[in-house]
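Working notes, structure below.
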Amino acid sequence: MNNNRKLAAAVVGLGLVTLSACGSSSGSGGSGGSGDSKSVTLVSHDSWAVSKSVLADFEKRSGYKVHVLKDGDAGQAVNKAILTKDNPQGDVFFGVDNTLLSRALDNGLFQSYEAKGSDMILPEYRVDQAKHRVTPIDSGDICVNYDKAYFSKHKLAPPTSFDDLVKPRYKNLLVTENAATSSPGLGFLLGTAAKYGDAGWQGYWKKLKANGVKVVDGWEQAYNQEFSGSAGGKKAKGDRPLVVSYASSPPAEVIYADPKPKTAPTGTSYGTCFRQIEYAGLLSNAKNTKGGKALLDFLVTKEFQDDMPLNMFVYPVREAAQVPPEFQKFGQPAKAPEKMAPGKIADNRDQWVKSWTSLVLK
């Protein structure tokens, strides 16, 4: 995996929602055998990652060999898991987020299990407390990123809010992802709906469209080709100094740079953020429920939660988990992100995306 692709996989976090992609598997593809099997399979989107030493430590302590089945982008993986729920591909599913959670729960994707150590998860991330069908694993903030050099050169202050983005001074500067095909694109749409309400978000997008917002299919294209502030965007001669990405993107630009700069070349407009949370659950009809429970327990341990940020560029949800210095310096989570209850997302998501498509793309 080259540096640009590695950066893409890390920072994109949840990837594309509905674009087709081929799943890949590391290890064998099935959990194998009975509930006493010493093999346990994790099904995930393509951005799953963990340090080899941390995974090896779990395998040694638990006696279970972990196989990972990467099944494309988040939306594709969730949909495939629902279609195969009677004969699942694995035992645990990781990567359903708050924009898709209701779809998974309504379709009976998970069985109840309260992971050991879940009492250490910060209360604001807990959901489904009556049934414990999913366990919060990580969080991230979808936010507009800006190219510091561009705004310095043009003696222009970068935008700090959704309201700023429709001002004439930022005309033709923003690139975002298609809300129908991209998780950050959908998150950005939901952020505007949370900010301006059911009656106001469409009017906001009319202004954004009139102000020259550019829409591309997915994060990879937006961030690594169109955005002038990223390492990939510079090589591709991207000309958009504003992009919808993540609050954890600026530290990634530092970590993967060679040589490493003293400060991040990009910044985050914290008044444009939407909080995204990822969950894992024990699949209904899992062949190895005992191993699956042990794996879920592992995902909320301090060891895994400390390891996660530099592998998947997300924030831990466990109390007192360690955050890398680069995150503390360049990629703090938003203090007041827009949020939306999974039930409200479920009730409105499809219609909002349909209306957004008609309004912005036609």
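- Of the candidates W205, W201, W356, F188 forms a ring pair (Phe, Tyr, Trp, His ring centres under 6.0 Å) with just one, namely W205.
- In the hydrophobic clustering, Y270 connects to no other residue, as no ILVMFWY side-chain heavy atoms lie under 4.5 Å from its own.
- Checked by atom type and distance alone, the side chain of K85 never pairs as donor or acceptor with a backbone atom of N285 at under 3.5 Å.
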- Message: Does Y204 form a side chain to side chain contact (heavy atoms under 4.5 Å, CB included) with K195? I'd like the steps, not just the answer.
- Response: CA-CA 10 Å; Y204 175 78; K195 172 70 175 177; over 6 Å; no
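- Side-chain atoms of E253 and S249 include no donor-acceptor pair closer than 3.5 Å.
- Side-chain atoms of S183 and Q276 form a donor-acceptor pair, as typed in the model, at a separation below 3.5 Å.
- No donor-acceptor pair under 3.5 Å is formed between the side chain of S51 and the backbone N or O of V54.
- For S284 (side chain) and G108 (main-chain N/O), a donor-acceptor pair under 3.5 Å exists by modelled atom type.
- The list of salt bridge (Lys or Arg N to Asp or Glu O under 4.0 Å) pairs with a residue in residues 166-177, not counting sequence neighbours, reads D164-K167.
- Within the 3.5 Å criterion, the main-chain N or O of A321 finds no donor-acceptor partner in the side chain of D306.
- Without hydrogens or angle criteria, N178 side chain to A180 main chain gives a donor-acceptor distance under 3.5 Å.
- Between the side chains of N145 and T266, no donor-acceptor pair is found at a separation under 3.5 Å.
- Considering V215, N211, V166, L208 as possible partners of L174, the one that fulfils the side-chain contact (heavy atoms from CB on, under 4.5 Å) test is L208.
- Other residues, nucleotides and ligands contribute at most 12 non-hydrogen atoms within 6.0 Å of the NZ atom of K116.
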- Residues K214, D239; criterion salt bridge (Lys or Arg N to Asp or Glu O under 4.0 Å); working and verdict: CA-CA 11 Å; K214 184 173 185 177; D239 61 0; 5.4 Å; no
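- Ring planes of F227 and Y223: tilted class, angle from 30 to 60°.
- Taking K329 as the reference, nothing meets the salt bridge (charged side-chain N to carboxylate O under 4.0 Å, His left out) condition, with sequence neighbours excluded.
- In this structure the side chain of F274 never reaches within 4.5 angstrom of the side chain of T192, judged on heavy atoms.
- Within the 3.5 Å criterion, the main-chain N or O of V43 finds no donor-acceptor partner in the side chain of D71.
- Proximity of F110 to Y279: side-chain heavy atoms (C-beta onward) are nowhere separated by under 4.5 Å.
- The number of heavy-atom neighbours closer than 6.0 Å to NZ of K65, taken from other residues, nucleotides and ligands shown, is 12 or below.
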- Item | Verdict with reasoning, D297 to Y113, per side chain to side chain donor-acceptor pair (under 3.5 Å) | CA-CA 10 Å; D297 293 346; Y113 176 64; 2.8 Å; yes
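- Remark: D147 does not engage K153 in a salt bridge, criterion side-chain N to carboxylate O under 4.0 Å.
- Transitive grouping of hydrophobic side chains (ILVMFWY, heavy atoms separated by less than 4.5 Å) brings V314 and L55 into a common cluster.
- Here the side chain of N98 pairs a donor or acceptor atom with the backbone of R275 at under 3.5 angstrom.
- Side-chain contact between V216 and Q225 is absent, with no heavy-atom pair separated by less than 4.5 Å.
- Using a 3.5 Å distance cut-off with no hydrogens or angles, the side chains of D163 and Y196 do pair a donor with an acceptor.
- Taking the charged nitrogens against the carboxylate oxygens, R61 and D57 do have a contact shorter than 4.0 Å, which makes a salt bridge.
- The side-chain contact (heavy atoms from CB on, under 4.5 Å) test with D138 is passed by exactly one of F94, Y125, Y315, F313: F94.
- Of the residues listed (V353, I345, N348), the one engaging L190 in a side-chain contact (heavy atoms from CB on, under 4.5 Å) is I345, and it is the only one.
- A donor-acceptor pair is defined here as one N or O able to donate and one able to accept, closer than 3.5 Å; no such pair exists between the side chain of T289 and the backbone of A286.
- Under a 3.5 Å cut-off, the side chain of S112 and the backbone N or O of K131 do form a donor-acceptor pair.
- Under the 3.5 Å distance criterion, the side-chain polar atoms of D141 are left unmatched by any main-chain donor or acceptor of C273.
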